[in-house]
Amino acid sequence: MPELPEVETVRRSLIPRLVGRRVASVWARPIKLREGIVPSEWQRLVGMELLTIERTGKFLIARFERASALFHLGMSGRMTLAQPDNELAPHTHLRLGFDGDLELRFADPRRFGAAIVRSPATLARHRSLQALGVDPLTGDVEAALLASARSRSPIRSVLLDQRVLAGLGNIYANEALHRAGIRPLRQMRTVGRVRLPALAAAIRQVLTQALEAGGTTLRDGGFVDASGKDGAFAVQLAVYGRDGQACEECGATIVRQMATGRSAYFCPRCQR
DNA sequence: AAGCCAACCTGGACGC
DNA sequence: TGCGTCCAGGTTGGCT
């Protein structure tokens, strides 16, 4: 579900309603996610004030007074705000009750997500955070691409590699490559270095526009922000999920091709 | 040692 | 209606 624009949308919708509030209660299921939920970790948060919520790549970090919580939404994770007596969505694994009768809920049907609590120092040393590359909203995308210019992998795989750029997923990698006129499965090293600045610009542009639209919701049950609202960017997708349809740029038929276990979408005429 | 690929899960869409 | 198959927005560990 969530790539950078969706995670950032969640962050922005949580902050105004949660920051400055204190944790009043914790309800946590000891369930195995990518990193399992350990209820006793979460109980430590009771009484602590939420100071900030940060994002790096697709991770959210909620900073409390003496502990930090790391969230990853995997493919199907949702973080929503609710009243304590509201009906519980299926696969809700964690509920943080805040003062003011507001509850943060984490649900994740496919269980590829993560939700852990650590001391700030320990969390900073966490494996998955250490390995992260440049955040495309704040870092130098062009430099990150140039540093990977000699890779023998398909260029889409490079864009999906969180050690290079932290935040792109399959939707926006395909969309950025369409905007830049580059085929997703083409070897990175065969793409001329002169084309990389345009690709960097396309990446920043598509992420920024998706964020302005509140992210991409592909179908019912997909991504929602903290209030349960859908993202509006799906109508602006040029290639993702549009195989068989005409390219808006040139009219050629958009192709879907399976590679590295995931669908690549591209226009065979405007992408080379 | 870089680069594939299966594995981890559940659910929805589709075909018969 | 029901059952089987395929596919899904991500990451990682193990293999070559």
Side-chain angles (χ1 to χ4, degrees), chain A residues 1-10 29 31-37 55-60 70-79 89-93 106-116 126-133 136 147-177 184-190 203 206-207 210-211 213-225 230-244 256-265:
Chain A
M1 168 202 300
E3 306 180 29
L4 187 152
E6 290 74 36
V7 177
E8 179 65 15
T9 296
V10 170
R29 296 174 66 194
I31 196 166
K32 185 169 167 48
L33 306 178
R34 180 157 66 82
E35 292 203 54
I37 290 182
R55 180 194 56 77
T56 177
K58 299 173 191 170
F59 290 89
L60 286 181
L70 179 70
F71 293 93
H72 194 290
L73 300 182
M75 293 275 263
S76 58
R78 285 183 175 198
M79 293 174 76
H91 305 285
T92 299
H93 307 315
F106 177 80
D108 183 11
R110 285 183 72 183
R111 302 192 204 165
F112 291 169
I116 64 173
H126 196 274
R127 257 180 50 72
S128 45
L129 293 181
Q130 295 274 311
L132 287 184
S148 308
R150 297 170 58 90
S151 168
R152 295 172 184 275
S153 292
I155 190 165
R156 182 188 58 160
S157 298
V158 176
L159 299 189
L160 291 176
D161 186 342
Q162 302 297 297
R163 294 167 302 183
V164 178
L165 289 172
L168 282 179
N170 202 31
I171 294 179
Y172 300 116
N174 278 285
E175 291 296 311
L177 287 165
L185 303 182
R186 177 174 184 148
Q187 249 195 355
M188 177 74 169
R189 66 205 302 262
T190 71
I203 290 168
V206 73
L207 292 177
L211 182 54
T216 299
T217 300
L218 288 178
R219 54 174 172 277
D220 205 34
F223 163 74
V224 291
D225 73 5
D230 285 357
F233 194 70
V235 294
Q236 295 182 61
L237 295 175
V239 287
Y240 187 90
R242 297 191 122 68
D243 48 311
R256 174 169 83 106
Q257 190 177 340
M258 213 47 172
T260 328
R262 336 195 52 181
S263 293
Y265 298 90

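Chain letters run A, B, ... following the sequence lines, proteins first, then strands; residues in each count from 1.
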Which is true for [X] with a 4.0 Å heavy-atom rule: it touches a base, it touches only sugar-phosphate, or it touches nothing?
X: Pro5(A); answer: nothing
X: Ser157(A); answer: nothing
X: Arg34(A); answer: sugar-phosphate
X: Met188(A); answer: nothing
X: Gly169(A); answer: sugar-phosphate
X: Tyr172(A); answer: nothing
X: Arg127(A); answer: sugar-phosphate
X: Arg150(A); answer: nothing

- dT11(C) phosphate, OP1 or OP2, under 4.0 Å from Ser128(A) side-chain N/O: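 For dT11(C), neither OP1 nor OP2 has a side-chain N or O of Ser128(A) closer than 4.0 Å.
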- Query: Does Arg110(A) put a side-chain nitrogen or oxygen below 4.0 Å from OP1 or OP2 of dG10(C)?
  - Reply: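 Looking at the OP1 and OP2 atoms of dG10(C), neither is under 4.0 Å from any side-chain N or O of Arg110(A).
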- Gap in Å between the two C1' atoms, one belonging to dG9(C) and one to dG3(B), rounded: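 23 Å, rounded to whole Å.
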- Task: Choose from dG10(C), dT10(B), dG9(C) the nucleotide whose nearest atom is closest to any side-chain atom of Phe112(A).
- Result: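 Comparing dG10(C), dT10(B), dG9(C) against the side chain of Phe112(A), the answer is dG10(C).
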- Query: When you match Gln162(A) and Arg256(A) each to their closest nucleotide on DNA chain C, which lands nearer the 5' end?
  - Reply: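 Mapping each residue to its closest nucleotide by heavy atoms, the 5'-most match is Arg256(A).
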- Any donor-acceptor pair under 3.5 Å from His91(A) side chain to Ala89(A) backbone: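 Here the side-chain-to-backbone pair does not exist.
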- Task: Stems involving DNA chain B: give each as a range paired with a range, ordered by first number, where a stem means at least three consecutive Watson-Crick or G-U wobble pairs under 3.5 Å.
- Result: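 Paired runs of 3+ in DNA chain B: B:2-8 with C:10-16, B:10-16 with C:2-8.
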